[in-house]
Structure formats: structure tokens, C-alpha cells
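Taking it in order: structure first as C-alpha cells, then the write-up.
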Amino acid sequence: MGDIKDYLPLIVTLSLAVGALGIGGWIFTTWYRIKNGYPLENSWGKPIYPQKNEETIERVKLLSTENAQLRAELGSIKDRLANVERIVTDDSHRLTQEIEGLRLQKN
């Protein structure tokens, strides 16, 4: 049987491996909880939920309103872009006919 000095590299390697596995497992569990919507836990095992106060609720309402306005604006811009694309890609004969048809309707 050898001296403890002979086993020192093995002991250090195994200690580092166990530590790395423990940290890797903790990272994986935390990632898995976040991915599936589970609440995170503090060091005592109690769930950590986001704090909800009046300021946060008001901020969410304002952001939701702004989001709705931006979505409506984006929809109108898409419609305008579709019209521009139609005009640009349309052949000139058909476009001329539509313009003349609008002129005749106006008069």
C-alpha cells in the first residue's frame, strides 16, 4: 500500500469533479425551473416571487397600452407598404388604367 502522497492527485481530482458536478447540477436545476415557469427558491427553500407593488402594476399597464398603440401603428405601416409594393411591382398599363378610371369617376 502506498503513502497518502501517492493518492493526493486522485483526491484533488475527485474533489474538483464532485464540486464541478454540484455546481453544474445547481445551474441545470435553476435553468430548468426558469424554463418551465417554476418559482426560484432562496437559500432556505422558500419560493421567490416577483414583488408586485402599485408602481410595478402601473408600469405594466402603461407598457401594455404603449405596446397596443405600437402594434396598431405597425399594422397601418404594413398596409401602406403593401400598397406601395403593389404600385411599384404593378405593370404600368394597369396602373394607368386605374388612374384614368379614378379621374373619370371624379368628373
Side-chain angles (χ1 to χ4, degrees):
M1 200 113 188
D3 195 15
I4 193 153
K5 291 180 184 177
D6 296 336
Y7 295 108
L8 192 58
L10 180 63
I11 293 171
V12 170
T13 306
L14 286 176
S15 299
L16 290 175
V18 168
L21 284 173
I23 292 171
W26 174 75
I27 290 172
F28 175 77
T29 339
T30 303
W31 168 79
Y32 194 75
R33 285 175 174 269
I34 292 171
K35 179 181 174 243
N36 292 308
Y38 290 106
L40 299 177
E41 295 175 350
N42 64 10
S43 58
W44 294 97
K46 291 185 179 181
I48 300 173
Y49 295 102
Q51 294 180 357
K52 292 183 180 178
N53 56 20
E54 295 300 321
E55 181 182 337
T56 307
I57 293 171
E58 186 64 30
R59 194 173 212 182
V60 168
K61 286 180 186 177
L62 290 173
L63 288 173
S64 298
T65 304
E66 182 183 11
N67 189 15
Q69 290 171 348
L70 290 173
R71 285 181 179 272
E73 185 178 343
L74 182 62
S76 67
I77 289 173
K78 283 182 178 180
D79 291 341
R80 292 175 67 188
L81 181 61
N83 287 332
V84 170
E85 286 176 345
R86 184 181 56 83
I87 290 171
V88 169
T89 58
D90 205 4
D91 58 4
S92 62
H93 178 70
R94 184 172 167 204
L95 181 61
T96 305
Q97 287 178 345
E98 287 183 18
I99 292 173
E100 289 301 321
L102 290 174
R103 283 187 185 154
L104 292 175
Q105 287 178 359
K106 218 175 190 185
N107 294 332

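Everything quoted here is computed from the prediction, not taken from an experiment.
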(request) Please indicate whether Glu100 has more than 12 foreign heavy atoms, meaning atoms of other residues, nucleotides or ligands, lying under 6.0 Å from its CD. (result) yes
(message) Using 0.5 Å steps for rounding, measure from the CD1 atom of Ile57 to the CG atom of Leu62.
(response) 12.5 Å
(message) If you define the side chain from C-beta out and look only at heavy atoms, does anything of Asn83 sit under 4.5 Å from Arg80?
(response) no
(message) Using side-chain heavy atoms (C-beta onward) and a distance below 4.5 Å, is Gln105 in contact with Leu102?
(response) yes
(message) Once you measure the plane-to-plane angle for Trp31 and Phe28, does it fall in the parallel (<30°), tilted (30-60°) or perpendicular (>60°) bin?
(response) tilted
(request) Rounded to the nearest 0.5 Å, what's the gap from CG on Leu8 to OG1 on Thr13? Could you check? (result) 9.0 Å
(message) Other members of the hydrophobic cluster containing Leu63, with the 4.5 Å side-chain heavy-atom rule, please.
(response) none
(request) Given side chain to side chain contact (heavy atoms under 4.5 Å, CB included), test Leu70 with Glu73 step by step and report yes or no. (result) CA-CA 5 Å; Leu70 290 173; Glu73 185 178 343; 4.2 Å; yes
(request) Working to the nearest 0.5 Å, report the span between CD1 of Ile11 and CG of Leu16. (result) 12.0 Å
(message) Apply the hydrophobic cluster definition, ILVMFWY joined by side-chain contacts under 4.5 Å directly or through others, and give me every member besides Ile27.
(response) Ile23, Trp26
